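Report on one structure; see the data block that follows.
As a basis for the values below, the full set of heavy atoms in this structure was taken, side chains included, without hydrogen atoms, waters or symmetry mates. Small disclaimer: the values here were computed from a predicted structure and weren't measured.
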Amino acid sequence: MDSKTLKVLEYPKILERLAGFCDFSASMDLARALDPTSSYELATARIAETTEARKLLSMQSTGIGAAHDIRPQADLAARGGVLDPHTLLDVKSTLISCRDLKKAFEKKTDEYPRLTQIALGLPETHGLVDAITRILSDRGEILDSASLKLGDIRRSLRVSQDRLMTRLQKYVTDSKTVSMLQEPIVTQRDGRYVIPLRAEFKGKIKSIIHDQSSSGATLFVEPLPIVEANNEIRELQLAQRDEERRILAEVSAQVGDHASELKYGVENLAVLDLAFAKAKFAEELHASEPALRELKVAGLKVADSKPSTFQPSNLPTLKLIDARHPLLDPNNVVPIDVDPREGTQAIVITGPNTGGKTVSLKTVGLLVVMAQSGLHIPVQSGSELPCFHSVYADIGDEQSIEQSLSTFSGHITNIIRILKKMDHRSLVIFDELGSGTDPQEGAAIARAILNHLLETGAMTLVATHYPELKTFAHSTDGVVNASLEFDIKTLQPTYKLTLGLPGRSNALAIAQKLGLPQSIIDSAKAEMNPLDLRADKLLDDIRKERNRTSREREKLEKARNRLEAQTHELEKRLEKIEDERRETLAKARAEGELEVAVLKSNIDSMKSQLKKASQPLQAIKAIEEKMEKMEELVEQPVERQMFNVQRSTFNEVLKLGERVSVSTLNAEGVVTALGESDAEVQIGTLRVRARLSDLVRKASDQSSVISKQVTASRESSIIHRQSSSPGMEVDLRGLVSEDALDKMERYLEQSYLSGLPFVRIIHGKGTGKLRQAVREALRGHEYVKSFEEGGSTEGGEGVTVAKLNAG
């Protein structure tokens, strides 16, 4: 791409903002060097990378972690250099980031194929992470365990230092010597331990002077009896230094052995970070993925420099909806629509000064180069752009005092350069084409240049004040007029781009609004061609009608958006209702299963007691048939299950003489007659018939009926636990592990005593720490027979179902 054009379009500012989203220097360098590509395949691949990165960041927080640009350090290690501890920690953190990213993308190959391909180029650790961890702490200190020799040296050093300090302490605590000291402390000078002797006591303590204070009042001396001990410490310190350097050199050599792979990996890491930066930049701009279209003209090959014949219908679509300049304040910028009819090759924009013509040209040019750099652009989704081979722009004042160039000469010099380089695959942008000279000659030059561009086949955007170009655009195939509106009432531009209508100068209207005498206005109108006045009036009427239509369309669009929002809200509510329905059904099913399990437990107990009482085989068989029917209920749909359990219980177990409660009357009575679906109940002096489903057996009667079947000669009952049921589930969410386990322990005890066969423990998913603590506590618990993860309708991994031991 043309470097001068990129500068004119302010593309370097875009790259600088992009670099601000990068996490380390290597990707920043890539961002600042990001050039638009003329290759359709490469441009679409870059955009796809940005799209994947944006999708990934919307799902989870992802980045390169604590990675660093370690390429210079890898080069140094490859040349035999020794890396310092902090540099080795940078190598370690970079390799850990690469390892984590590579592992994360290995699981998402289908979802993020392009990012995964980049991640495959990240380096392996080759044991370097373990090697660095073995010798360095997180603060960059070499560990005693880095080598056996270093450990021995440091132990000997500590012992020698302790001995030396013990001997020096005698000087600072002995009453004979402490008065000679400036302070009773031990300090260091040149790596040797000394004491601060007052100058007037020089020679009183046999010693070697190493330093003195700035005033000369204090001498820092090393007593002769400790010289040998100091020498020993110094020798050990030198040995420690040499061993530390040997250890660092050994690990640095391992880094050097893999320098090429590390540098290649950092480059891939930079590419990955750049993709994340482009995604973050897109989010800040509220940008959309552009649809690039390959630039092809029928009958031409890519190598052709010029088309033999130009056919507008062969041109790709340029469609920008709600396009915004990415460097302007998004809260104030006015979006523009550039959506010419199919086959349009050139757009001629006219309108007042400071009306936004130049910004509109820059917006189109800048969005084109951004898209071909792989960036998402601030437009509405559905916008389309051709993939141009080159982009050229002549915008701004090109006059130069040094080169003795006027404004016109500066523009023409740049235009000549562009015309030599451009071809049918180019986008050409000219601001104020032909300006800076005689209007008649300037208009003629502008028309000739525009004709040449049309013959060449380049797509062109031109801003001008010349009315001759408006007429040219109106009468030429493949060229369309466009204008920027001006509000006569406020005398301010609206910055709205309108395609299909030429701009008006509005000079007479502005002059009249500002107070120019009406007589002068009328005189000016008389000087003008009546056809021009009628054309202006017609354009004004057309513009008003289009504005009215546009307002109506906006109202309809807002109404449609409101309807879509309401529809979306209703769908969300329906989904919520459906989720609640499923949850209610699941809970009802679980409660039904619990009740059936209790019934099965009671049946097992009855069967056991019947066998103990040596009842006839027929009685045992009847009980077994009841048990089988209870088991069949478990497999029935939950909506029928509860009813069948209740009905089966009343039909098969309810007996004459039992006390029951009639739920519809809220009264108790005695069963005097039984039917298939109803029963007669004596309530006081009244006898009523009630459906079996409306009868509730009293708990004491339920036990007595069973015991009467066992024996008629002695009273006995099935043993029931005295504790009331705590419910079939306990919710531990929101509690810390210790409180949650205490609550669960109390719940399990109550559940066991109340005879529940199984319970549901809700701990949630979260980080998994509470789930792990719960399952560790359940493992080997005295009340728990076994446990398993909840089913898909019970909460999945957020729930644990525990089966309890029988009491």
How would you list, by chain and number, every residue that makes a salt bridge (charged side-chain N to carboxylate O under 4.0 Å, His left out) with [X], sequence neighbours excluded?
X: Glu554; answer: none
X: Asp337; answer: none
X: Asp23; answer: Lys280
X: Glu575; answer: none

Within a reach of under 6.0 Å around [atom1] of [X], are more than 12 heavy atoms found that belong to other residues, nucleotides or ligands?
X: Arg560; atom1: CZ; value: yes
X: Glu284; atom1: CD; value: yes
X: Glu564; atom1: CD; value: yes

[Y] and [X], any side-chain heavy atoms less than 4.5 Å apart:
X: Lys108; Y: Leu56; result: yes
X: Lys496; Y: Ile336; result: no
X: Asp2; Y: Val391; result: no
X: Thr51; Y: Lys55; result: no
X: Val359; Y: Tyr495; result: no
X: Thr350; Y: His465; result: no
X: Asp522; Y: Ser519; result: no
X: Met422; Y: Leu453; result: yes

By side-chain contact (heavy atoms from CB on, under 4.5 Å), which residues pair with [X], not counting sequence neighbours?
X: Asn451; result: Leu454, Phe472
X: Ala291; result: Arg293, Glu384
X: Glu571; result: Thr567, His568

Roughly how far, to the nearest 0.5 Å, is the [atom2] atom of [Y] from the [atom1] atom of [X]?
X: Leu385; Y: Ile377; atom1: CG; atom2: CD1; answer: 5.0 Å
X: His389; Y: Thr37; atom1: NE2; atom2: OG1; answer: 9.0 Å
X: Leu499; Y: Asn481; atom1: CG; atom2: CG; answer: 10.0 Å
X: Ser27; Y: Asp69; atom1: OG; atom2: CG; answer: 9.0 Å
X: Thr363; Y: Met370; atom1: OG1; atom2: CE; answer: 10.5 Å
X: Lys470; Y: Glu468; atom1: NZ; atom2: CD; answer: 9.5 Å

Contact summary for [X] and [Y], nearest pair of heavy atoms:
X: Ala48; Y: Arg114; value: CB-NE, 3.1 Å
X: Leu433; Y: Thr464; value: O-OG1, 4.2 Å
X: Ala31; Y: Leu15; value: O-CD2, 3.5 Å
X: Tyr392; Y: Thr5; value: CA-OG1, 3.3 Å
X: Tyr466; Y: Ala446; value: CD1-CB, 4.4 Å

Checking [X] side chain against [Y] main chain: does a donor-acceptor pair fall under 3.5 Å?
X: Asp273; Y: Leu269; answer: no
X: Ser383; Y: Ile321; answer: yes
X: Thr50; Y: Ala279; answer: no
X: Gln372; Y: Ala43; answer: no
X: Ser288; Y: Val379; answer: yes
X: Gln345; Y: Val479; answer: no
X: Ser39; Y: Leu42; answer: yes
X: Thr344; Y: Pro340; answer: no

Under the side-chain hydrogen bond (donor to acceptor under 3.5 Å, both in side chains) rule, collect the residues that match up with [X], sequence neighbours excluded.
X: Glu111; answer: none
X: Tyr11; answer: Ser373
X: Lys13; answer: Glu10
X: Asn332; answer: Asp329

Can we say [X] and [Y] salt-bridge, meaning some charged N sits less than 4.0 Å from an Asp/Glu carboxylate O?
X: Glu569; Y: Arg573; value: yes
X: Arg32; Y: Glu16; value: yes
X: Arg425; Y: Asp423; value: yes
X: Asp394; Y: Arg417; value: no

Residue of the set His376, Glu289, Glu49 for which side-chain hydrogen bond (donor to acceptor under 3.5 Å, both in side chains) holds with Arg54: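 Testing Arg54 for a side-chain hydrogen bond (donor to acceptor under 3.5 Å, both in side chains) against His376, Glu289, Glu49 leaves exactly one candidate, His376.
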
Aromatic ring pairing Phe105/Tyr112, orientation class (parallel under 30°, perpendicular over 60°, tilted between):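 Judged by the thresholds at 30° and 60°, the geometry between Phe105 and Tyr112 is perpendicular.
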
Sequence-distant partners of Phe281, ring-ring contact (aromatic ring centres under 6.0 Å, His included), two or more places apart: Phe21

Please evaluate residues Ser390 and Ser426 with respect to the criterion side-chain hydrogen bond (donor to acceptor under 3.5 Å, both in side chains), reporting the C-alpha separation (whole Å), side-chain torsions for both, the decisive distance (0.1 Å), and the verdict. CA-CA 5 Å; Ser390 54; Ser426 302; 2.6 Å; yes

